[in-house]
> 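Quick one: this structure, given as structure tokens, is what I'll be asking you about.
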Amino acid sequence: MLEPTRVKFRRVHRGNRRGMAKGGTEVNFGSYGLKQWNLVGLLLDRLKLQELQFLGLLEKLERCGLEYFLTTNYQETIWETRMGKGKGAPEYWVSNVKPGRILFEVEGIPRDVAHKAFKNAGSKLPIKTKLVARRGLDESK
């Protein structure tokens with residue numbers, strides 16, 4: 001579902017995964033967001049668990065946005081293969097998300113409900129997460 005339909009090259013390099021995120025670090029489209037605090041490659045099944053956790057806890061949502069996309073595929077070579085036989089076939093897709101990036105945004109719910117939903121969904125992920133609010137949002141709501 002979240003995998004690219006076409007790619008230019010079948011096997012890709014992992015690239016530079018160090019440092020903080022340059023973009024997508026503030027909540028722009030919703031009222032509250034889930035921010036990531038450490039570097040890890042997120043698999044499709046982890047992201048689907050997070051999405052299902054949100055949909056189960058939040059009955060009415062005015063707006064909800066996913067802020068990730070699976071961009072890198074990982075190859076696995078068959079066991080007991082001798083060295084020098086090249087890369088293996090692509091096995092699964094991963095989203096390499098740098099620290100400080102907003103993963104998920106919601107709008108139209110109170111802060112306490114958002115805090116509970118983000119806490120439960122963040123526990124399903126293998127990363128440290130934090131609830132953040134949009135700048136200028138009234139905290140008394």
Side-chain angles (χ1 to χ4, degrees), residues 1-81 83-141:
M1 178 184 145
L2 297 171
E3 300 171 1
T5 55
R6 292 181 58 204
V7 290
K8 188 170 183 180
F9 298 105
R10 187 168 171 235
R11 297 178 174 107
V12 297
H13 294 287
R14 290 187 185 168
N16 182 10
R17 301 188 304 176
R18 291 177 286 154
M20 298 292 286
K22 291 197 291 188
T25 57
E26 295 181 3
V27 180
N28 294 322
F29 304 109
S31 302
Y32 303 104
L34 185 68
K35 187 177 250 192
Q36 173 180 340
W37 284 110
N38 54 352
L39 175 68
V40 73
L42 294 176
L43 298 172
L44 178 63
D45 58 346
R46 297 287 183 180
L47 296 175
K48 294 306 285 180
L49 274 175
Q50 176 193 17
E51 187 177 358
L52 291 174
Q53 190 73 26
F54 273 113
L55 296 177
L57 288 173
L58 306 175
E59 295 84 24
K60 59 174 193 172
L61 282 175
E62 285 184 15
R63 193 166 163 187
C64 107
L66 305 173
E67 298 293 328
Y68 48 78
F69 190 71
L70 302 173
T71 55
T72 306
N73 59 4
Y74 273 59
Q75 296 84 23
E76 290 184 1
T77 310
I78 302 171
W79 281 51
E80 299 179 0
T81 303
M83 293 179 64
K85 301 298 181 187
K87 270 188 173 181
E91 292 292 324
Y92 53 91
W93 289 86
V94 174
S95 177
N96 287 325
V97 185
K98 292 188 176 186
R101 177 114 176 140
I102 300 293
L103 294 177
F104 201 83
E105 295 183 13
V106 294
E107 184 178 5
I109 57 172
R111 183 176 176 82
D112 57 343
V113 176
H115 180 69
K116 180 181 176 186
F118 281 125
K119 184 177 179 183
N120 288 341
S123 67
K124 302 289 184 191
L125 294 172
I127 55 176
K128 293 179 184 175
T129 57
K130 179 181 176 183
L131 171 69
V132 292
R134 185 171 51 195
R135 282 192 183 172
L137 186 69
D138 187 20
E139 296 297 328
S140 63
K141 287 184 181 178

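It should be emphasised that the depicted structure is a prediction, and the values quoted were computed from it without experimental measurement.
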> I want to check something: taking the side chain as every heavy atom from C-beta on, are I127 and L103 in contact at a cut-off of under 4.5 Å?
yes
> Under the side chain to side chain contact (heavy atoms under 4.5 Å, CB included) test, which residues partner S31, sequence neighbours left out?
E107, R134, L137
> Apply side chain to side chain contact (heavy atoms under 4.5 Å, CB included) to R18 and list each qualifying residue two or more places apart in sequence or on a separate chain.
N16
> Taking only residues two or more places apart in sequence or in another chain, which ones pass side-chain hydrogen bond (donor to acceptor under 3.5 Å, both in side chains) with Y92?
none
> Taking only residues two or more places apart in sequence, or in another chain, which ones meet K128 in a side chain to side chain contact (heavy atoms under 4.5 Å, CB included)?
W37, N38
> First locate atom OH of Y74, then atom CD of E76, and finally report the distance between them rounded to the nearest 0.5 Å.
11.0 Å
> Give me each pair satisfying salt bridge (Lys or Arg N to Asp or Glu O under 4.0 Å) with a member in residues 89-98, each pair once, sequence neighbours excluded.
none
> Flag the pair T129 / F104 as yes when at least one side-chain heavy-atom distance between them is below 4.5 Å, and no otherwise.
no
> Hey, is the main chain of V12 close enough, under 3.5 Å, to the side chain of K87 for a donor-acceptor pair?
yes
> Distance-only, no hydrogens or angles: does the R111 side chain make a donor-acceptor pair with backbone N or O of Y32 under 3.5 Å?
no
> Quick check for you: to the nearest 0.5 Å, what is the distance between I102 atom CD1 and K130 atom NZ?
10.0 Å
> Restricting to pairs with a member in residues 22-34, which pass salt bridge (Lys or Arg N to Asp or Glu O under 4.0 Å), not counting sequence neighbours?
E26-R135
